[in-house]
Each structure stands twice: as C-alpha cells, then as structure tokens.
Amino acid sequence: MTAMNTKRLTIDDIAQGAAVIAAGGLLGIPTETVYGLGANGLDPNAVHAIFAAKGRPQDNPLILHIPDESWLERYCADIPQTAYTLAERFWPGPLTIILKRKPNVPDAVTAGLDTVGMRCPDCAVTRSIIAAADVPVAAPSGNTSGRPSPTTAAAMLEDMDGKIDAIVDAGPCAVGVESTIVDLTATPPRLLRPGGVTLEQLREVLGEVSVDEAVTRLMSTNEKPRAPGMKYRHYAPKAPVTVVNGEPEAAAQYIAAHLEPDDGVICFDNYVNLFKGRPTESIGPKDDREAHARRIFEALRAFDHKDVRRIWAQSPDAHGLGLAVTNRLNKAAGFHIIQL
Ligand code: TXA
Ligand code: MG
C-alpha cells in the first residue's frame, strides 16, 4: 500500500466525506461509540482495502452503517418485527442488529456468512455522509487489528495516518465502547457483544436474551464463536494486563500490595492516591459506569506511550454498562483475571 496524505475534515465537510466513500476510498468516521474505518459496503475492492489498512483477518465480518431503519429492507431478508421494535427504541444509537442478508451484500463484508450486522449510529455528520453517498458504509473500529479502539480522531490517526484518504473529526466519542451486537436470527435473540445498549435494556424490549459464551470467557483458537471477531486477542496494549475483580476498595488495595517497580495501574478516581508517582490512568469515580466506558480505551492506549512492564486494572462489576467495560478489559488481559 502506498502512503497517502490523510485529509482532516470537519463536521461541515459532508460533501467531501461522501465523495471519498463514493470514489471507493477509506474514510475515518466519528460515531457515538468509537471512530470507524468506513468504505462503500457495496464495493468489494473498497471493503478489501479496509481489511488491508487494519491488518484484519479475512474471516472477521464487517457491519453496515445506515442513516435510518428504512434502509434495512435494501440489504436484509426475512426481517422480524423485533428488528423494527429495537430500531424504534434504540436507533440512532449503539446497537448492531444481526439479520439475514440479501444477495446484494458482498461476501467481502460478511466473510461469507448468510447474515449481516446493521447499525444506525447516533452521529449526525456520519448519517448525513452515508445518506449523501447513498450507499451503506461498512466500518470496523478504526484501530489497527488487535489494538484498543480509537475514541478520538487523534487516536485513530496514530494507527491510520497515511493509510486512509480522510478522517472527519467530531471530537471525543460520547459512549466510548463499541455497539452492542444482538443476533435476531437466533431464538431467543442472542447477545454477541455487550456495548452501549445494556443487556438489561435489551431484555426490557425482547424478553429472553441469551448471552454468547464468548462474552464472558476466552475462546480457544479452534472454537467458532458466533461473532467471529470475539476469538481474537483484542483491545490490547503492548504490556500484559492483569484484571483484579472484586469490591473496589479491596481490589485497589490488592493492586497496591502487589505492584512492582515499572508496573502501571488503571484504577477508579477514588484510589489514585494509593498509586502516587506510578504510571496511573484513572477511569472515573467508582460508580460512574458511563465514565468508565468513555475512558477505558484511552487508558489502555496511554500505556503504549509509557514504559511499563505490566498493567494492573481494576474493573467495574458486570451490571449495566459495566458488562461492556469488563468484557473489553478481560479481553485486553487475555482473560488473565484475579478474582478476590
Ligand atoms: O460501535 C461499533 O460497532 C463500531 C463503530 C465503528 O460502528 N464498529 C465496530 O466494528 O466495532 P468491528 O468490526 O470492530 O466489530 C464488529 C464485530 C466483530 O466482532 C464481528 O465479528 C462482528 O461484529 N460481526 C460482524 N458481522 C457479523 C455477523 N454477520 N454475525 C456475527 N458477528 C458479526
Ligand atoms: Mg473492532
């Protein structure tokens, strides 16, 4: 791939953004969850360029971004009423719905699966760009494969400067962890990835929802999780991560007692005093799950600019948004977890 000059666009540059997509180029797009690496989802060459820029394994499908639910029937077949109920309640917003695909969705997007993930992001500039281009935008998170997802344009440019045509800077992402993925082709509906819409919220609307095993445990390399991406080591900084699970004060004390010189810490704001003089990233007050979600990827990324031997992290419990935050931390740690 030849290096290109990545243009910086603003939220006013809708026509320029749409032109990049229409020309088969790669565009960094803001969303409420994380920045995405977007391209025309109907153009297999453009989609292949996404995989090349990220270094993403070919068997890991992409999701399609659309400006509203009326586009579902363009690309999906056998759409159940529950899809519209979810869209009505949560779109635009951090929810991806897995549905049967129509034949016009290229294999390059779905990695050959007969289903496709559909998402309508809560970001006006990105919806306007998609509508102006009049094609669905395939977009994974805008990180190099394996690294933490980017929640600012600067973080995405760390990985993608010179590899994409342009990026639209709309400031930091409001949610900070990726969308929730729910598979409506399964009975009962199945949570494949926890995210900005909580499992509790999904159950309010859908009733029973099962949780895929890949959400809470490490899948071995010969297993086939339903969201192919869940099997890869992910979100990981260079230094190994150890998650300490338990009552927040006790977890912080455990880390303080086991910390060695050159170790870094991810902790709640309440406990920063225990780690004075150490490389520390705080992720918000202990009960502020929204803050943990907004801060977690920047905290993981920050350690790649610091010289640490390993990283200790405390993590919220699995309620509400905590399920998504603990999932990302546990995966960053390769499920190396100390349970107090
Ligand atoms: O919030 C988000 O969803 C962000 C922003 C940019 O929209 N995108 C994102 O995409 O997180 P990505 O590619 O990093 O993660 C998508 C996940 C992967 O784990 C992939 O395996 C899974 O969705 N996936 C995609 N299509 C699927 C399908 N048809 N069936 C099951 N899993 C699917
Ligand atoms: Mg990703």
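Counting starts at 1 for both ligands and their atoms, following the listed order.
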Residue part near ligand 1, for Arg190, under 4.0 Å between non-hydrogen atoms: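 For Arg190, there is no contact with ligand 1 at all, from either part.
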Polar proximity ligand 1 side, [X] side, N/O cut 3.5 Å exclusive:
{"X": "Lys54", "answer": "no"}
{"X": "Thr31", "answer": "no"}
{"X": "Glu178", "answer": "no"}
{"X": "Tyr35", "answer": "no"}

Nearest-0.5 Å distance that lies between atom CZ in Phe51 and atom CZ in Arg56: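 That separation rounds to 5.5 Å.
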Within less than 4.0 angstrom of ligand 1, does [X] place any heavy atom?
{"X": "Pro121", "result": "no"}
{"X": "Arg193", "result": "yes"}
{"X": "Thr110", "result": "no"}

Decide yes or no for [X] and [Y]: does some side-chain heavy atom of the first lie under 4.5 Å from some side-chain heavy atom of the second?
{"X": "Ile97", "Y": "Arg119", "result": "no"}
{"X": "Ser145", "Y": "Pro57", "result": "yes"}
{"X": "Ile283", "Y": "Ile266", "result": "yes"}

Please list every donor-acceptor pair under 3.5 Å in which a side-chain atom of residues 167-178 meets a protein atom from a residue at least two apart or in another chain.
residue : atom : partner : partner atom : Å
Asp169  : OD1  : Gly171  : N            : 2.9
Glu178  : OE1  : Arg328  : NE           : 2.8
Glu178  : OE1  : Arg328  : NH2          : 3.1
Glu178  : OE2  : Ser149  : OG           : 2.5

Quick test: of every protein heavy atom, which one is nearest to [atom], and how far off is it to 0.1 Å?
{"atom": "atom 3 (O) of ligand 1", "value": "Ser179 OG, 2.5 Å"}
{"atom": "atom 28 (C) of ligand 1", "value": "Ile98 CD1, 3.5 Å"}
{"atom": "atom 24 (N) of ligand 1", "value": "Pro61 CG, 3.8 Å"}
{"atom": "atom 17 (C) of ligand 1", "value": "Ile181 CD1, 3.5 Å"}
{"atom": "atom 5 (C) of ligand 1", "value": "Thr33 OG1, 3.7 Å"}
{"atom": "atom 21 (O) of ligand 1", "value": "Asn60 OD1, 2.6 Å"}
{"atom": "atom 9 (C) of ligand 1", "value": "Ser141 N, 3.6 Å"}

Answer yes if the side chains of [X] and [Y] hold a donor-acceptor pair under 3.5 Å, and no otherwise.
{"X": "Thr126", "Y": "Thr31", "answer": "no"}
{"X": "Asp68", "Y": "Trp91", "answer": "no"}
{"X": "Glu158", "Y": "His305", "answer": "yes"}
{"X": "Arg295", "Y": "Thr151", "answer": "no"}

Plane angle bin for Tyr271 and Phe268 - parallel if under 30°, tilted between 30 and 60°, otherwise perpendicular: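 Tilted: the ring planes of Phe268 and Tyr271 meet at 30° to 60°.
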The Mg ion (ligand 2) contact by Ser149, N, O or S atom under 2.8 Å: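 Ser149 does not place any N, O or S atom closer than 2.8 Å to the Mg ion (ligand 2).
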Element-labelled atoms of ligand 1 that are located less than 4.0 Å from some non-hydrogen atom of Ile63: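 That gives atoms 3 (O), 8 (N), 25 (C) of ligand 1.
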